[in-house]
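Convention: sequence-line order gives letters A, B, ...; per-chain numbering from 1. Computed from a predicted structure; not experimentally measured.
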Amino acid sequence: MTTQWIASDPQRCTACHRCEIACAMAHHGACRPELARIRIHCFEDPAFNVPVVCMACEDAPCIKVCPVNARVRVINGSVVTNEDRCIGCRACVYICPVASPAVNPFTGQTMTCDMCADQEDGPWCVAACRTEGALWIDDGQRCSLQSTRAQADRVRSARYGASGARAHRKGRMP
Amino acid sequence: MKIVVVGNGIAGNCVAFGMRARSRDHEICMLSAEKVPEYDPCALPYFIGGDVSRGAVFRKSLEDYRRRNIDLMLGQRVVAIDPRARRVTTAQGFEVPYDKLVLAHGGQLFIPPIEGIRLPGVFNCKQLDAAEQLRGHSGRRAVVIGSGAIGIEVAEALHKKGCEVTVIELLDWVLPALFDRETAQRFEAALAASGVRVLKSEKVLAIEGNGAVAGVVTDKRRIDCDAVVVATGVVPDRSVAATAGVAAERGIKVNRHMQTNVADIYACGDCIETVDACTGEDVMFQLKHNAIDQAAVVVANLSGDPVSYAGAYAFARVHFGRMHAVSFGKSTLSTQCQLGELTIVEREKGSDYLRLIMKENLIVGGQAIGGFADYAGFFMGAMRRGDDFAHLRRSRASVCSLQNRYRWTQRLIGDITGLC
Ligand SMILES: Cc1cc2nc3c(=O)[nH]c(=O)nc-3n(C[C@H](O)[C@H](O)[C@H](O)COP(=O)(O)OP(=O)(O)OC[C@H]3O[C@@H](n4cnc5c(N)ncnc54)[C@H](O)[C@@H]3O)c2cc1C
Ligand code: SF4
Ligand code: SF4
């Protein structure tokens with residue numbers, strides 16, 4: 001099985017922040033960028049915008065540092081936070097090389113990209129970025145079923161099972 | 001091949017299940033002093049405070065061992081190794097032969113030689129059974145001896161349970177292993193604001209009580225309390241290794257392949273002394289992520305891949321109430337003697353604080369509180385790559401490009417610190 005994640009081309013990003021809104025809508029049904037799992041870092045002089053989203057690292061350090069084992073690799077290869085466990089200690093935010101986990105301002109728990117596994121039509125941020133084309137779905141490293149199973153939380157893996165993988169294929173950019 | 005793992009902690013389980021994932025043929029046997037499947041010690045303070053249930057502390061169930069055909073022997077404390085006969089002996093009288101032996105028995109709670117330390121009402125938080133006792137305790141006033149990361153976490157847990165908490169630290173500031181004085185002072189403010197009393201530069205002389213804890217006597221005062229938590233650190237257990245002639249200094253000595261000096265005996269986790277990934281010095285960090293990495297190296301080497309270990313790294317987060325902080329790499333205390341001239345870069349914004357320890361334009365460590373802590377991963381990346389900030393400063397204008405995928409993280413560091 002292959003991990004898929006959202007790849008980005010900073011040269012194309014115009015910092016319109018539509019992806020952030022789309023992400024917040026997809027996961028929380030609210031038009032609030034602070035609830036997004038994708039974030040745009042904007043630099044000036046020379047201008048440069050970097051979309052940052054969880055890369056589902058192969059040897060993910062966030063999984064190793066979580067004190068309550070709430071960071072789990074689920075069956076579609078994404079690394080997500082188990083909300084039943086997370087105590088909001090932020091170790092995963094601090095160890096992440098790009099500080100990708102976002103802290104939910106209401107619960108204090110972290111959240112990262114799950115490739116919109118619950119959505120029929122694939123990641124919403126990619127759809128929102130169609131015109132610019134700064135975001136697309138990339139096939140990542142090989143991720144053995146073994147390692148996925150070993151780490152995947154049983155409940156979550158059931159929930160993100162086959163339908164999650166299907167959603168990805170549909171959402172793939174041409 | 002018969003692989004015997006001593007210790008059912010995180011390192012031991014990563015070895016056993018890692019080996020099983022690679023091959024079905026080996027016989028794998030785990031000897032555990034405790035009577036439960038693998039659990040995460042890092043979760044214990046949160047279990048005491050009621051943030052997570054007892055079930056959430058576990059990383060494995062007994063069923064997992066059965067399904068993977070791993071022979072888990074509970075309640076078997078290894079006391080001796082005979083490397084010639086290739087056999088280990090447990091205190092319970094079992095003898096288990098091995099082809100390859102992996103020592104992953106972690107560390108032991110350091111129990112300071114204080115009068116009254118064995119009284120009922122003196123707790124610790126090293127293992128699950130101890131944590132369960134502490135969680136079950138219904139006292140109102142607690143004293144925590146030691147203000148390391150575990151001491152602070154336990155203090156928060158007891159505070160959440162409604163206890164009046166006093167933390168006693170021998171040194172001049174809290175979290176001395178993680179923080180410099182300046183960072184610690186800011187963190188202490190959070191402790192004080194929530195009503196936790198912190199006593200620094202104070203030495204516990206005795207624990208008093210008639211059949212149960214009634215108070216703690218220090219060199220400065222007496223404190224009434226009904227519970228004492230010993231959080232004075234974890235020391236490696238060298239006695240088992242010594243029976244086999246395995247070399248140990250602070251911890252068991254291993255090479256980059258996690259092999260000890262005795263043939264067919266490997267070691268990993270909290271019981272070993274290893275090298276720092278950035279500086280190459282001998283260190284003992286005793287952290288979970290290092291235990292997991294080391295176990296993976298053992299698995300590779302046992303399977304015939306001569307993978308070498310890249311080294312351990314220091315990383316710890318602490319929090320109290322709403323204050324979140326992080327520490328990575330060296331602190332000034334740990335660096336002074338080893339690395340020479342240091343520059344300190346400090347930034348402050350409201351209650352947020354950043355402190356980077358730099359040596360000749362390289363980041364060698366840092367501490368951050370609040371918003372600055374979110375960028376810890378960026379700083380650690382620069383530290384591990386050995387980014388030279390004097391050089392980056394000169395090339396400030398260069399545009400980020402896909403050729404240099406780190407350039408934007410360096411610019412971000414520059415924007416936060418003004419270093420480049
Ligand atoms: C309260 C607490 C909080 C922590 N928080 C963090 C944190 O936030 N972040 C972090 O990175 N690290 C943290 N740590 C450290 C982390 O838990 C350890 O680094 C990690 O568990 C090391 O794993 P290990 O397998 O080497 O040792 P352990 O987990 O200690 O396991 C050793 C096992 O071996 C058994 N054993 C011991 N001697 C024998 C023997 N002679 N025979 C048979 N079995 C034996 C023990 O019973 C134990 O089950 C914390 C530790 C504690 C206690
Ligand atoms: S949160 Fe960060 S460290 Fe964890 S998998 Fe995602 S990118 Fe990697
Ligand atoms: S914030 Fe939550 S998911 Fe992240 S390390 Fe802490 S407990 Fe784990």
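With a 4.5 Å cut-off on non-hydrogen atoms, Leu412(B) touches chain A through its backbone and its side chain both. Proximity to chain A (any heavy atom under 4.5 Å) is shown, for Ala382(B), by neither the backbone nor the side chain. Only the side chain of Val52(A) comes within contact range of chain B, with at least one heavy atom under 4.5 Å from a heavy atom of that chain. Proximity to chain B (any heavy atom under 4.5 Å) is shown, for Ile95(A), by both the backbone and the side chain. For Tyr39(B), no part lies under 4.5 angstrom from a heavy atom of chain A.
Shortest non-hydrogen contact noted between Ala91(A) and Phe315(B) is O-CZ, 3.6 Å. Considering every non-hydrogen atom in both Phe43(A) and Arg411(B), the closest pair reads CB-NH2, 3.4 Å. Of all heavy-atom pairs between Cys89(A) and His324(B), the closest is O-ND1, 3.5 Å. Between Asp374(B) and Tyr94(A), the closest heavy-atom pair is OD1-CE2, 3.5 Å.
In this structure, CZ in Arg317(B) is found 12.5 Å from CZ in Arg90(A), a value given to the nearest 0.5 Å. How far CH2 of Trp408(B) is from SG of Cys42(A): 11.0 Å, rounded to the nearest 0.5 Å. Atom CD1 in Ile87(A) sits 6.0 Å away from atom CG in Asp51(B) (nearest 0.5 Å). Distance check: Asp59(A) CG to Ile292(B) CD1 gives 9.5 Å after rounding to the nearest 0.5 Å. Atom-to-atom distance recorded for Asp415(B):CG and His41(A):NE2 is 11.0 Å, nearest 0.5 angstrom.
With contacts defined as side-chain heavy-atom distances shorter than 4.5 Å, the pair Pro67(A)/Tyr46(B) qualifies. In this structure the side chain of Arg85(A) never reaches within 4.5 angstrom of the side chain of Val52(B), judged on heavy atoms.
The neighbour count for Arg322(B) CZ, taken as heavy atoms of other residues, nucleotides or ligands under 6.0 Å away, does not exceed 12.
A donor-acceptor contact shorter than 3.5 Å links the side chain of Lys288(B) to the backbone of Cys66(A).
Residues of residues 149-156 of chain B never come within less than 4.5 angstrom of chain A, heavy atom to heavy atom.
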